[in-house]
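Encoded as structure tokens, the structure appears first; notes follow it.
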Amino acid sequence: MALPLLNHSQAWALLGLAILMEVAGTTSMRLAEGFSRLTPSVLIFVFYGISFGLNTMIIRTLGLSVVYGVWSGVGTVLTALIGIYYFKEPATAVKMVSIGLIIIGVMGLHSASRVSS
């Protein structure tokens, strides 16, 4: 049974949720300490499962290039910021410029999705 097609606003809202689930899954990887901690190890699969399920629904409305580009780009930026602020990883100039470039790319993909719809 096929799910109904999402409107543009619903798709973007669910993409935001999918991104948060992906970031939670990636953060759980760090917290799992090589699968030595049970709860974060299980949460990796739960969060990624939800994220991929949502992406499957969203792709029908926004398209593969926009969904994957925004999902991976925003997820990368949020994960890098969590690494910097929560896990105390170094915030080098190269890292910060790279985050800025990713943000510019995501904004471009978002603009492209408005033009094509």
Side-chain angles (χ1 to χ4, degrees):
M1 176 172 98
L3 295 171
L5 192 62
L6 301 169
N7 69 40
H8 207 70
S9 296
Q10 291 169 326
W12 278 104
L14 285 180
L15 181 55
L17 182 58
I19 291 166
L20 292 177
M21 293 294 102
E22 186 266 336
V23 170
T26 303
T27 304
S28 295
M29 283 184 201
R30 172 66 166 78
L31 297 172
E33 297 178 11
F35 291 114
S36 66
R37 297 180 60 214
L38 180 62
T39 301
S41 297
V42 170
L43 288 176
I44 294 167
F45 298 99
V46 171
F47 289 135
Y48 267 101
I50 294 168
S51 184
F52 288 136
L54 290 171
N55 279 343
T56 300
M57 294 175 10
I58 301 161
I59 284 173
R60 293 177 52 211
T61 302
L62 298 179
L64 177 63
S65 61
V66 170
V67 170
Y68 188 73
V70 171
W71 178 80
S72 61
V74 174
T76 299
V77 168
L78 291 176
T79 302
L81 293 175
I82 288 169
I84 291 166
Y85 291 108
Y86 184 77
F87 295 111
K88 307 297 183 211
E89 296 173 358
T92 65
V94 171
K95 194 179 285 188
M96 300 312 289
V97 168
S98 299
I99 287 171
L101 291 171
I102 292 168
I103 291 169
I104 291 168
V106 168
M107 290 169 56
L109 286 170
H110 184 269
S111 296
S113 77
R114 287 186 188 183
V115 171
S116 65
S117 58

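Position 1 is the first residue of the sequence; numbering continues from there. Both backbone and side-chain heavy atoms feed into the values below; hydrogens, waters and symmetry mates do not.
To the nearest 0.5 Å, the span separating OG1 on Thr79 from CD1 on Ile84 amounts to 11.0 Å. A distance of 4.0 Å separates CH2 of Trp71 from CZ of Phe52, quoted to the nearest 0.5 Å. Here CZ of Arg37 is found 10.5 Å from CG of Leu43. Values are rounded to the nearest 0.5 Å. Between Leu6 atom CG and Ile58 atom CD1 the span is 7.5 Å, to the nearest 0.5 Å. We find the CG-OH distance between Leu31 and Tyr86 to be 6.0 Å, quoted to the nearest 0.5 Å. The structure places OG1 of Thr61 at 8.0 Å from CD of Gln10, a figure rounded to the nearest 0.5 Å.
The neighbour count for Phe87 CZ, taken as heavy atoms of other residues, nucleotides or ligands under 6.0 Å away, is above 12. In Tyr68, the OH atom is not crowded: 12 or fewer heavy atoms of neighbouring residues, nucleotides or ligands sit closer than 6.0 Å.
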Residue pair Tyr48, Met21: steps toward the side-chain contact (heavy atoms from CB on, under 4.5 Å) verdict: CA-CA 6 Å; Tyr48 267 101; Met21 293 294 102; over 6 Å; no

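Side-chain contact between Val66 and Trp12 is present, with heavy atoms from C-beta onward closer than 4.5 Å.
Formation of a donor-acceptor pair under 3.5 Å by the Ser51 side chain with backbone atoms of Phe47 is not found in this model.
Nearest heavy atom pair, residue His8 against residue Leu62, reads CE1-CD2, 3.4 Å. Minimum interatomic distance between Ile44 and Ala32 (heavy atoms only, all atoms of both residues): CD1-CB, 4.1 Å.
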N/O donor to acceptor pairs below 3.5 angstrom from side-chain atoms of residues 91-104, sequence neighbours left out:
{"unit_1": "Thr92", "atom_1": "OG1", "unit_2": "Lys95", "atom_2": "N", "d": "3.1"}
{"unit_1": "Lys95", "atom_1": "NZ", "unit_2": "Pro90", "atom_2": "O", "d": "2.8"}
{"unit_1": "Ser98", "atom_1": "OG", "unit_2": "Val94", "atom_2": "O", "d": "2.8"}

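Residues Leu78 and Tyr85 are members of one and the same hydrophobic cluster, defined by side-chain heavy-atom contacts under 4.5 angstrom among Ile, Leu, Val, Met, Phe, Trp and Tyr. If you chain together hydrophobic residues whose side chains sit under 4.5 Å apart, Leu38 and Val46 fall into the same group.
Just one residue in the list Leu15, Ile19, Ile50, Leu14 forms a side-chain contact (heavy atoms from CB on, under 4.5 Å) with Asn55, and that residue is Leu15.
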